[in-house]
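First up is the structure itself, then whatever we jot down about it.
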Amino acid sequence: MNADCRPALSLQRDAVGALAAMQAVFARDMKVAFRQRQDLLNPLLFFVMVVTLFPLGVSPEVSFLREAGAGILWVAALLSVLLSLDHLFRHDFDDGTLEQLVLQPQPLFLLVLAKTAAHWVLTGLPLVVLTPVLGVMVHLDGNSIGVLCLTLLIGTPVLSLIGSIGAALTLGLRSAGVLLSLLIIPLYIPVLIFGTGTVASAAEGAPVGAYLALMGAFLVLALTLAPFASAAALRISLSNG
């Protein structure tokens with residue numbers, strides 16, 4: 001075999017091995033989540049309860065709900081994702097699986113990305129699916145509901161990716177949930193502002209392309225940087241533990 005071909009074949013095998021490892025981590029997290037259905041259902045129930053109870057506690061007027069509905073749904077989705085973040089690495093940390101992931105020959109940031117993708121599929125995607133029903137409950141029109149679903153489809157992966165950094169940093173700490181909220185919520189604010197601003201612009205008939213482009217930029221930036229930051233934070237947390 002030509003010596004020049006050997007590095008290329010080695011890189012190809014490494015790429016295939018990393019992809020297989022990501023698929024294995026993703027499939028394992030999905031199976032574990034469906035065995036622990038309480039952790040899976042809690043964020044969804046919280047999302048539905050917040051949106052359902054908000055009109056009862058504030059105002060049931062149609063005009064108010066149409067104006068504030070997008071903000072209500074976005075805040076409820078943000079808090080639901082935040083509620084689920086403590087379990088992103090916690091179970092693997094408790095049973096020793098996380099240490100085995102760190103010792104794998106594949107890059108840790110790719111395995112973290114696979115775990116974050118599984119978290120989004122289990123938490124963020126169901127929120128997007130539930131949004132049209134809850135949007136009707138708060139009297140949003142069809143165009144606003146469509147734009148809202150699109151912003152959540154782009155924004156909830158960003159929430160999961162940013163949240164993975166906080167979950168990794170607070171791993172193994174007491175009162176980790178409170179500290180996680182303090183660390184992550186300020187980073188969530190830009191996503192919340194542009195998510196609700198997009199729906200408000202759509203309701204007024206204004207173009208929303210610029211808002212969606214900015215949210216897409218947030219997603220690309222989070223996909224590029226968050227897995228590396230989460231992997232570094234996990235190594236720090238494990239070394240301190």
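Sequence neighbours left out, the pairs with a member in residues 203-236 that pass ring pair (Phe, Tyr, Trp, His ring centres under 6.0 Å) are Phe109-Phe228, Phe194-Phe218. Applying the ring pair (Phe, Tyr, Trp, His ring centres under 6.0 Å) definition to pairs two or more places apart or across chains, none involves residues 110-138. Counting only residues at least two apart or on different chains, no ring pair (Phe, Tyr, Trp, His ring centres under 6.0 Å) pair has a member in residues 26-45.
Leu150 has its side chain out of reach of Met215: every pair of non-hydrogen atoms, C-beta onward, lies at least 4.5 Å apart.
Closest heavy-atom contact between Leu122 and Asp29: CD1-O, 4.1 Å. Contact record, Ile154 with Val158: O-CG2, 3.5 Å, taken as the closest heavy-atom pair. Across all their heavy atoms, Ser230 and Leu161 have their closest contact at OG-O, 4.4 Å. Among all heavy-atom pairs drawn from Ala70 and Thr196, the shortest one is O-CG2, 4.1 Å.
Salt bridge Asp92/Arg28: present, at least one basic N to carboxylate O contact under 4.0 Å. Under 4.0 Å is where a charged nitrogen must lie from a carboxylate oxygen, and between Asp141 and Arg66 no such pair does.
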>> His91 vs Val32, test: side chain to side chain contact (heavy atoms under 4.5 Å, CB included). Steps then yes/no.
In response: CA-CA 9 Å; His91 296 306; Val32 170; 5.5 Å; no
> Are Leu113 and Leu223 close enough, and set up right, to give a side chain to side chain contact (heavy atoms under 4.5 Å, CB included), and what steps lead you there?
Replying inline: CA-CA 8 Å; Leu113 181 60; Leu223 278 171; 4.0 Å; yes
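Put simply, the residue from Asp86, Leu98, Ile236 that forms a side chain to side chain contact (heavy atoms under 4.5 Å, CB included) with Leu171 is Leu98. When each of Leu140, Leu152, Thr151 is paired with Thr131, the side chain to side chain contact (heavy atoms under 4.5 Å, CB included) condition holds for Leu152 and for no other.
If you chain together hydrophobic residues whose side chains sit under 4.5 Å apart, Val50 and Ile185 fall into the same group. Cluster membership for Leu125 and Val191, using ILVMFWY side-chain heavy atoms within less than 4.5 angstrom, is shared.
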